[in-house]
*Asks:* 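Could you have a look at this structure, given as structure tokens, before my questions?
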Number of protein chains: 2
Amino acid sequence: MSHENLRSLFQLVVRHYGLLNEQCCDQCCGQDVSVQQSHILFEVGRQHHPSMRDIANTLGVDITTFSRQVKSLINKGYITKTPHPDDQRIQILQLTEKGAQLEKDIDQYMNESLDQIFSQLNEDERQTVTYSIDLLNKAMRSV
Amino acid sequence: MSHENLRSLFQLVVRHYGLLNEQCCDQCCGQDVSVQQSHILFEVGRQHHPSMRDIANTLGVDITTFSRQVKSLINKGYITKTPHPDDQRIQILQLTEKGAQLEKDIDQYMNESLDQIFSQLNEDERQTVTYSIDLLNKAMRSV
DNA sequence: CCAATTATTTGTAAAATGCAACTAATTTAA
DNA sequence: TTAAATTAGTTGCATTTTACAAATAATTGG
């Protein structure tokens, strides 16, 4: 079976979403973090007391690259790294207040961008698309 | 309005689709092209006699980086660069036979991956999702 | 208590990135 | 018509990103 439309959508998302983030970094947070780093902020904010490996696995990036990205985000004051009380090997990541604020700004920018996409649709279409997004989310997560 | 699910799906797509491509390059074409380069092949194959700038703009990458990626793909024998007959500044890109074959292999791999996602859905859901994908494609392209 | 495992970091070398400056072809406008 | 401006693409260079190996450090299992 050919999934040209889905592949095309994904390609579009990969590029535009990356692009969006890049524009966002220029526009809303003055180039201070990269796209990759904005994904890290997003996940650290969303997960509960995640370790280095938790986030690296979720994002599907090499742990060594991730380690250096985290170092950079710590230097910029957006996240902190604290050894787990029960296992000193594990480093728990957390957004700083500054990091949480940045993630909030990025989130707002993203929502405005996604509003633009949704504003192209009528109410029925919006409902159908929203429902399908849930389905796709679940399907992708269970593969 | 908050689009947490859509943002989440996009994040997932950005990561997994990139990942997918990376796995694909390992598995189906022996690491010979990068993710970025596979996107170039995809677009060169899809557009009609595109120029350097056409593809770079579509992909949202810097033209200087793109220029070097193209050089690499030419060296590997996947694409060709021909001056436009009416304007010698413009270079027209085209897949070689080898490049078209590689893109076909990648496409097949992608379709199999997307089949896996779709196999999580029942027939009704599949139809709804397919319809929504069309809507989203159109909405995103018109923003 | 020592070997094996797990989490993370660093060494290093290759690749990707993007700004600035360049060449070359074409268009514009006096 | 011809010099200035514009456009397409390339290269120099410095920075960042990447990922494999190897190291360190903490923990677990036998």
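By convention in this document, chain letters (A, B, ...) are assigned in the order of the sequence lines, proteins followed by strands, and residues within each chain are numbered from 1.
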*Asks:* Counting only heavy atoms and a strict 4.0 angstrom limit, can you tell me which residues of residues 82-90 of chain B come near DNA chain C?
*Replies:*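 When residues 82-90 of chain B is checked for heavy atoms under 4.0 Å from DNA chain C, the hits, listed by number, are B:Asp86, B:Asp87, B:Gln88, B:Arg89.
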*Asks:* Taking atom types as modelled and ignoring hydrogens, do the side chains of B:Thr58 and B:Gln47 form a donor-acceptor contact shorter than 3.5 angstrom?
*Replies:* yes
*Asks:* Are any of A:Ser67's side-chain N or O atoms less than 4.0 Å away from OP1 or OP2 of C:dT8?
*Replies:*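 A:Ser67 to C:dT8 OP1/OP2: no side-chain N or O under 4.0 Å.
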*Asks:* Among residues at least two apart in sequence or on other chains, which ones pass side chain to side chain donor-acceptor pair (under 3.5 Å) with A:Ser67?
*Replies:*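 Result, side chain to side chain donor-acceptor pair (under 3.5 Å) vs A:Ser67: none returned.
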*Asks:* What verdict does the side chain to side chain donor-acceptor pair (under 3.5 Å) test give for B:Ser51 and B:Asp54, after you've listed the backbone C-alpha separation in whole Å, the side-chain angles of each residue and the deciding distance to 0.1 Å?
*Replies:* CA-CA 5 Å; B:Ser51 70; B:Asp54 287 336; 3.2 Å; yes
*Asks:* May I have the distance from B:Ile63 (atom CD1) to D:dG12 (atom C1'), rounded to whole angstrom?
*Replies:* 17 Å
*Asks:* Which residues satisfy the side-chain contact (heavy atoms from CB on, under 4.5 Å) test with A:Ile92, sequence neighbours excluded?
*Replies:*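 With neighbours one apart ignored, the set is A:His49, A:His84, A:Ile90.
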*Asks:* Any N or O donor-acceptor pair linking the side chain of B:Arg68 to the base of D:dG9 at under 3.5 Å?
*Replies:*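 Per atom types, no contact qualifies.
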*Asks:* For A:Arg53, give me all partners under side chain to side chain donor-acceptor pair (under 3.5 Å), at least two apart in sequence or on another chain.
*Replies:* none
*Asks:* With a 3.5 Å distance limit and no angle check, can you tell me whether B:Thr96 reaches the backbone of B:Tyr78 through a side-chain donor-acceptor pair?
*Replies:*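 At least one qualifying donor-acceptor pair exists.
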*Asks:* Give me each pair satisfying salt bridge (charged side-chain N to carboxylate O under 4.0 Å, His left out) with a member in residues 84-94 of chain B, each pair once, sequence neighbours excluded.
*Replies:* B:Asp87-B:Arg89
*Asks:* How many Å lie between CE on A:Met52 and P on D:dT24, as a whole number?
*Replies:*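 From A:Met52 CE to D:dT24 P: 19 Å.
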*Asks:* May I ask you to evaluate whether B:Gln69 reaches the phosphate of C:dT17, defined as a side-chain N or O under 4.0 Å from OP1 or OP2?
*Replies:* yes
*Asks:* Between the axis at one end of the helix from C:dC1-D:dG30 to C:dA30-D:dT1 and the axis at the other (five pairs apiece), what's the angle to 10 degrees?
*Replies:*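 The helix from C:dC1-D:dG30 to C:dA30-D:dT1 shows an end-to-end axis angle of 20°.
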*Asks:* Would the distance check show the side chain of B:Glu125 and the main-chain N or O of B:Asn122 forming a donor-acceptor pair, the cut-off being under 3.5 Å?
*Replies:* yes
